[in-house]
Amino acid sequence: MARIKLSTPQREADFKTKIELTINFVNYGNHMGNDAVATLCHEGRLRFLKSLGHDELNCFGKSLIQADAAYMYRGEAFHGDVLEVEMFVEDISEYGFDLLYKFTCGDRLIAYAKNGLVFFDYEERKLAKAPQEFLNHFKK
């Protein structure tokens, strides 16, 4: 069986935040459910964009939509755990980028995730090119 392989770059994260696992993230196995990772990514992404003075509807002048997502689980997390979420902007293209996530709890690796995000123009209902200000900010 082919497995998804995710990791994060060996550099300082573009953004870090901490999120406590409340009961709504816990499943019948008494640990973080697989559906919780999508919600935690969304929360982390919103905090990251807010730290830049932007949001998903206005990110450097364009909206963002999620084109794909992947998750790789590496350990368990439980109710009350505080996860550190590190985020990395990678693979910038003409229309979007990947946002990579690393979830840890103390010294335990919990999960990696990737969201493929593209810029979108809701008025024209089509993809939009990455704003130059975004490119200037994140191109390394």
Side-chain angles (χ1 to χ4, degrees):
M1 174 168 104
R3 304 293 305 218
I4 292 173
K5 294 188 186 333
L6 297 174
S7 63
T8 52
Q10 297 298 311
R11 64 173 175 83
E12 184 69 27
D14 292 304
F15 182 74
K16 293 179 185 179
T17 191
K18 292 185 179 193
I19 303 174
E20 182 177 354
L21 287 184
T22 55
I23 196 64
N24 57 306
F25 293 119
V26 176
N27 66 15
Y28 60 86
N30 204 29
H31 56 201
M32 181 179 72
N34 59 11
D35 58 323
V37 177
T39 302
L40 292 166
C41 285
H42 195 187
E43 178 65 28
R45 185 170 63 248
L46 292 177
R47 291 180 186 189
F48 174 46
L49 293 171
K50 186 176 181 179
S51 77
L52 298 171
H54 299 280
D55 59 41
E56 290 180 318
L57 291 176
N58 183 0
C59 181
F60 295 92
K62 295 293 177 190
S63 296
L64 286 173
I65 58 173
Q66 185 171 286
D68 60 47
Y71 311 111
M72 186 175 88
Y73 306 100
R74 306 302 297 162
E76 292 180 291
F78 303 95
H79 178 256
D81 281 351
V82 177
L83 299 183
E84 181 170 51
V85 186
E86 296 178 73
M87 288 169 259
F88 303 82
V89 173
E90 289 288 311
D91 297 323
I92 297 169
S93 72
E94 184 177 8
Y95 291 96
F97 60 98
D98 286 341
L99 190 56
L100 304 176
Y101 305 78
K102 180 181 180 182
F103 295 88
T104 56
C105 183
D107 61 353
R108 294 182 292 129
L109 177 60
I110 305 302
Y112 289 109
K114 179 192 91 72
N115 292 158
L117 301 168
V118 292
F119 290 95
F120 193 76
D121 185 325
Y122 275 101
E123 288 181 18
E124 296 193 26
R125 308 302 299 179
K126 66 179 191 175
L127 291 181
K129 289 192 174 189
Q132 190 60 50
E133 185 181 356
F134 170 85
L135 295 173
N136 294 343
H137 189 84
F138 286 105
K139 280 278 190 175
K140 292 154 178 87

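Each residue takes its place number in the sequence, starting with 1. Just so it is clear, the values below take in all heavy atoms, side chains as well, and ignore hydrogens, waters and symmetry mates. As the structure is a computational prediction, the values presented were derived from the model and not from experiment.
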| query | Closest heavy-atom contact between His79 and Thr22? | reply | CD2-C, 3.6 Å
| How does the hydrophobic cluster around Tyr112 look, that is, which other residues are in it when side-chain heavy atoms under 4.5 Å mark a link? | Ile4, Leu6, Met72, Leu109
| request: Can you measure from CZ (Phe138) to CD (Glu133) and round to the nearest 0.5 angstrom? | output: 10.0 Å
| Spacing of Asn34 atom CG and Tyr71 atom OH [to the nearest 0.5 Å] | 9.5 Å
| field | Rounded distance [0.5 Å steps], OH in Tyr101 versus CG in Leu40 | value | 10.0 Å
| query | Below 4.0 angstrom, N of the basic side chain to O of the carboxylate: do Asp121 and Lys62 qualify? | reply | yes
| said: Is there a path of hydrophobic side-chain contacts, each under 4.5 Å between heavy atoms of I/L/V/M/F/W/Y residues, joining Leu57 to Leu46? | reply: no
| request: Taking salt bridge (Lys or Arg N to Asp or Glu O under 4.0 Å) as the test, write out the residues that go with Arg74, two or more places apart. | output: none
| Just how far is it from atom CZ of Arg47 to atom CE of Met87, taken to the nearest 0.5 Å? | 8.0 Å
| field | CG on Asn27 to CE on Met32, rounded to 0.5 Å | value | 9.5 Å
| query | Once the angle between the rings of His31 and Phe78 is folded into 0 to 90°, is it parallel (under 30°), tilted (30 to 60°) or perpendicular (over 60°)? | reply | tilted
| field | Parallel, tilted or perpendicular: rings of Phe60 and Phe134 (30°, 60°) | value | perpendicular
| request: Verify the cluster assignment for Leu64 and Leu127: are they in a single hydrophobic cluster under the rule of side-chain heavy atoms below 4.5 Å apart? | output: no
| Within one Ile-Leu-Val-Met-Phe-Trp-Tyr cluster: Phe103 and Phe48, side-chain cutoff 4.5 Å | yes
